[in-house]
**Q** 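Sharing a structure here in structure tokens format.
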Number of protein chains: 2
Amino acid sequence: MSKASPRATITDVARAAGVAISSASAALNDRPGVSTETRVRVRAVADQLGYVPALAGRSLASKRAFSVGFVVERDYDIIQSDPFFGGFIGGIEESLTPRGYALALQISQDEAGSEARLVELIESRRVDGLFLDEIRINDSRLAALSARNAPVVAANAPRGEFPFPSVRQDGTAAIRSLVEELVKLGHRRIAHVTGPDAYEHSIERRDAWASAMLSHGLEPDVVIPGDFTYEGGEHAADLLVEDDRGATAVFCANDLSAIGVMNRLHRRGVRVPEDISIVGYDDISLGRYVRPTLSTVQTSPRLLGTVAAEMLLAAIEGAKVQDIEVAPAAFVRRESISTRPADVKH
Amino acid sequence: MSKASPRATITDVARAAGVAISSASAALNDRPGVSTETRVRVRAVADQLGYVPALAGRSLASKRAFSVGFVVERDYDIIQSDPFFGGFIGGIEESLTPRGYALALQISQDEAGSEARLVELIESRRVDGLFLDEIRINDSRLAALSARNAPVVAANAPRGEFPFPSVRQDGTAAIRSLVEELVKLGHRRIAHVTGPDAYEHSIERRDAWASAMLSHGLEPDVVIPGDFTYEGGEHAADLLVEDDRGATAVFCANDLSAIGVMNRLHRRGVRVPEDISIVGYDDISLGRYVRPTLSTVQTSPRLLGTVAAEMLLAAIEGAKVQDIEVAPAAFVRRESISTRPADVKH
DNA sequence: TTGAAAGCGCTACCAT
DNA sequence: ATGGTAGCGCTTTCAA
């Protein structure tokens, strides 16, 4: 191939096929009103010319961007170790590509920035719709986007009042069975290392833990603040060791902090699981690479992404989209839990 | 705000400001030929109307998509644990956003698919340019993209003949100093767990290791095939244990496989670093979360992303872009290495 | 400095 | 079934 031959346009195709532009368009897009013969001829000419429709033209005429946006709100350096991110995006892509849609991915460090990026994406009509995850209590993105009538699909939005359709994966059942498992192993004091209070899913996990504890007649009182990071887990471990309520098991709001807890306990001479049992949440691959391997709640970010993308495309096409609940997360027992140490009294 | 008020266009702005569309356009884009007074008035009207230029219009008229593409070639489930991915994308984003560009991210499972996606992105003019990483020997993407005159910037392309500009981070110096460090600790047999032969960077790391070994008068003969995965590392550990050449240290082509090696050795009763020292490559965060913490070569994916994006934008604007070399990767010593076990003879 | 108008590539409507 | 044509929202000449 020689120098930058300007790409063939639909006009070229029409001319070469000896038909009107409108017929060429109809033929290429499987619209009715074209004879089979014409359709075939146009197609042949089109791919002989290597014709690929230009997005900008389609976009301008059809008033659709053929892309959807996702803004990841993370510290640049933390994205690496993010559990949800990769899987969710992979899932999104999986539904998007066959439909000719692309994903515009943006990254933002903070809440204000991420809202600004979302608004910018939608207002510049760079995207036809948006994904939202990690919903905050009083999340300001919600009002900003509903005011603009943006098609939006959320992942794991809180139940109840919520302005957009959401795909959800229930984790409460898994949390209940994890508590039950620990109780069976003799544990009575099961602590919880939380996520940041600002997030709906932090609260949800905490509530699920608390209610499971209560249903076993146990007091959900050992609550250690965490922040979903490894370092937050390390700090939580320190607090736990200094705590005098003698927790023998800990349920952490995510795997990364659970691993922080685990490693810190180890460094301080506390044995896992002999002295303290640990359970995380997410099932990041890392959990299988640490020693002891981490018991956790297995979630399905990729599936959530696939479903979310399907929902969003439907919403963009004007359909009334219902919430979808995927199969609930499941408790996965690995090495990090065992029976309550014999010498602990209650 | 009420229902879907159609967004203001430049025509609305021009009319409201009482000027021609062309003047409004010039005023809004800082082009000369507009009086300060007009400029001010147009701007005022524009943001009173909440005007945001529509991408499709700009795109069609200016023949630019204002986005660039990146196709990640990964198994959907592996993306999660990918070290390079997140940082690189974060860096790209960092340079893109201030310039009004967005990133179109695609994911592909295999080589053929990823080439198809790249071609599709560029031919549909959905993007103005592309990033390439993980270059293969005889990478078919190269010809496909140069034939199409696509602006492309690669990350860590092989030195020598290469059709596109590349940002690179040298790792050979770090590998040399890692070998030197191990030699100082008394090691003589330093094995290498490779990446897949198909990748240029696998070869590069292996060559660097071999040449460092030779410069110390050591034979680079213990080469164990790996594939950059955790499981590949586990398998390599098995091979290593069964190998009779008595390696006392291993340099793995990446951190993930190094951690696989480490955990597997541990399970098989080989102590790290007492019996065998281990070094990885990448410096993924995970390396600091395992026990012992992993010695490694620290790379800078985010910086590579930032620089690559700057280069790509320049290339898109027609500039002749030179290769850029960022500060070399550095060897980071952590707990996974120590002196050669006393009982090993050579 | 300003305005008018052409045209980017496509879709969609309306005649024929 | 087919062709002509009016835009979509913007940039960019070119006259005035």
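Order of the sequence lines sets the chain letters (A, B, ...), proteins ahead of strands, with each chain counted from 1.
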**Q** Less than 3.5 Å apart, any donor N or O on the side chain of B/Arg125 or B/Ser59 sitting next to an acceptor on the other?
**A** no
**Q** Is the shortest side-chain N/O distance from B/Lys63 to OP1 or OP2 of C/dG9 below 4.0 Å?
**A** yes
**Q** With a non-hydrogen cut-off below 4.0 angstrom, is B/Ala54 in contact with a base, only sugar-phosphate, or nothing?
**A** sugar-phosphate
**Q** Closer than 4.0 angstrom, basic N to acidic O: yes or no for A/Glu310 and A/Arg99?
**A** no
**Q** Can you tell which of C/dG3, D/dT2, C/dC10 lies closest to the side chain of B/Ser23?
**A** C/dG3
**Q** Answer with base, sugar-phosphate or nothing: what part of the nucleic acid does B/Leu55 contact at a heavy-atom distance below 4.0 Å?
**A** nothing
**Q** Starting at atom CG of A/Asp12, determine the distance to atom C1' of C/dC10, rounded to an integer number of angstrom.
**A** 13 Å
**Q** Once you apply a heavy-atom cut-off of 4.0 Å, does B/Ser35 come out as touching a base, just sugar-phosphate, or nothing?
**A** sugar-phosphate
**Q** Tell me which nucleotide among C/dG9, D/dT11, D/dC8 gets nearest to the side chain of B/Arg58.
**A** D/dT11
**Q** In terms of side-chain heavy atoms of B/Ala61, which of C/dT11, C/dC8, C/dT2 is nearest?
**A** C/dC8
**Q** Mind running side chain to side chain donor-acceptor pair (under 3.5 Å) on A/Glu73 and A/Ser108 for me, showing each step along the way?
**A** CA-CA 5 Å; A/Glu73 193 179 315; A/Ser108 165; 5.7 Å; no
**Q** Between atom CZ in A/Arg7 and atom P in C/dC8, what is the gap in whole Å?
**A** 17 Å
**Q** Whole-Å distance between D/dG4 C1' and A/Ile10 CD1?
**A** 14 Å
**Q** Could you check how far CG of A/Leu28 sits from C1' of C/dA12, rounded to whole Å?
**A** 15 Å
**Q** Using a 4.0 Å heavy-atom cut-off, does B/Thr9 contact any base of the nucleic acid, only the sugar-phosphate backbone, or nothing at all?
**A** sugar-phosphate
**Q** For DNA chain C, whose closest nucleotide is more 5', that of B/Ile21 or that of B/Ser62?
**A** B/Ile21
**Q** When you check the side-chain N and O atoms of A/Ser22 and A/Ser25, is any donor under 3.5 Å from an acceptor?
**A** no
**Q** Checking B/Tyr51 now: which residues fulfil ring-ring contact (aromatic ring centres under 6.0 Å, His included) with it, not counting sequence neighbours?
**A** none
**Q** Considering heavy-atom distances to DNA chain D, does B/Asn29 or A/Leu60 have its closest nucleotide positioned more toward the 5' end?
**A** A/Leu60
**Q** Between the protein and nucleotides 13-16 of chain D, list the N/O to N/O atom pairs that are separated by less than 3.5 angstrom.
**A**
none

**Q** With DNA chain C as reference, determine whether A/Ser25 or B/Thr38 sits nearer its 5' end, using the nearest nucleotide of each.
**A** B/Thr38
**Q** State whether a side-chain donor-acceptor pair under 3.5 Å links B/Arg117 with A/Thr97.
**A** yes
**Q** In whole angstrom, give the distance that lies between atom CD of A/Glu123 and atom P of D/dC10.
**A** 13 Å
**Q** Taking the inter-plane angle between the rings of B/Phe85 and A/Phe85 on a 0 to 90° scale, is it parallel (under 30°), tilted (30 to 60°) or perpendicular (over 60°)?
**A** tilted
